[in-house]
Amino acid sequence: MTASPDSKIRIPDATLFQELDGECVLLNLANESYYGLNESGTRMWTVLAESESITAACETLLGEYAVDEKTLKNDLLQFIDELLESQMVEISAA
């Protein structure tokens with residue numbers, strides 16, 4: 001399933017998340033892949049996990065970062081695509 005603006009990001013049980021000093025590590029126990037996220041990636045992860053949709057996450061992040069909407073949407077969708085490819089997240093209906 002591909003992400004649409006109304007999609008909600010769901011974190012599977014096999015994905016572990018550990019934050020330390022504003023950065024985090026993601027570990028997928030099912031396929032043993034992991035990611036290290038910097039501070040902005042960690043914030044994207046947190047907002048996506050808490051938001052009702054990708055659009056809502058984008059709106060929250062636009063209020064926090066000095067970036068234009070098109071750039072943020074592109075960066076966020078690329079981030080989501082990478083997470084989907086590594087099976088760190090799943091897509092569900094909002």
Side-chain angles (χ1 to χ4, degrees):
M1 179 183 253
T2 58
S4 73
D6 294 329
S7 298
K8 177 168 176 46
I9 299 299
R10 192 182 85 70
I11 302 168
D13 292 338
T15 300
L16 302 180
F17 164 81
Q18 181 64 50
E19 186 174 354
L20 180 64
D21 295 329
E23 298 185 351
C24 75
V25 174
L26 306 174
L27 172 65
N28 182 315
L29 297 174
N31 63 14
E32 298 179 353
S33 62
Y34 69 93
Y35 271 103
L37 300 177
N38 63 17
E39 198 171 307
S40 58
T42 298
R43 185 63 185 142
M44 283 183 173
W45 171 266
T46 303
V47 171
L48 283 168
E50 295 171 351
S51 297
E52 291 301 314
S53 68
I54 293 171
T55 298
C58 189
E59 290 171 5
T60 298
L61 293 167
L62 279 171
E64 296 178 10
Y65 291 95
V67 64
D68 65 275
E69 185 174 355
K70 182 179 179 181
T71 300
L72 179 63
K73 281 183 181 180
N74 288 339
D75 290 348
L76 194 57
L77 289 174
Q78 181 179 354
F79 180 61
I80 292 167
D81 286 344
E82 291 175 13
L83 293 171
L84 285 167
E85 187 175 314
S86 63
Q87 301 173 354
M88 296 288 181
V89 297
E90 298 172 346
I91 298 293
S92 63

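Residue indices begin at 1 and follow the sequence shown.
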Exercise for the section: Quick one: pull up CD in Glu50 and NZ in Lys8 and give me the separation to the nearest 0.5 Å. Expected result: 9.0 Å
Pairs of donor and acceptor atoms involving the side chains of residues 73-84, under 3.5 Å and at least two apart or interchain, shall be tabulated with distances.
from	atom 1	to	atom 2	distance (Å)
Lys73	NZ	Glu69	OE2	3.1
Asn74	ND2	Lys70	O	3.4

Exercise for the section: Calculate, to the nearest 0.5 Å, the distance between atoms CZ and CG belonging to Arg43 and Leu48 respectively. Expected result: 10.0 Å
Problem - Same cluster (ILVMFWY, side-chain, under 4.5 Å), Tyr65 and Leu62 - result: yes
Practice task
Answer yes or no: does atom CD of Glu64 have more than 12 heavy-atom neighbours from other residues, nucleotides or ligands under 6.0 Å?
Solution key: yes
Please tabulate, one pair per line, all N/O donor-acceptor pairs under 3.5 Å involving side-chain atoms of residues 17-24, not counting sequence neighbours.
none

Exercise for the section: Find out if a path of hydrophobic residues (ILVMFWY) with successive side-chain heavy-atom gaps under 4.5 Å connects Val67 to Val47. Expected result: yes
Completion exercise
Closest non-hydrogen contact found for Pro12 with Gln87 is CG-O, 4.0 Å
Problem - Same cluster (ILVMFWY, side-chain, under 4.5 Å), Leu16 and Tyr34 - result: yes
Practice task
Determine whether Met44 and Leu72 make a side-chain contact, defined as any pair of heavy atoms from C-beta on separated by less than 4.5 Å.
Solution key: yes
Practice task
Determine whether Ile9 and Ile54 make a side-chain contact, defined as any pair of heavy atoms from C-beta on separated by less than 4.5 Å.
Solution key: yes
Problem - Set of side-chain contact (heavy atoms from CB on, under 4.5 Å) partners for Ser86, sequence neighbours left out - result: Ser33, Tyr35, Met88
Exercise for the section: Kindly give the heavy-atom pair with the smallest separation between Thr15 and Asn28, and that separation in Å. Expected result: OG1-ND2, 4.1 Å
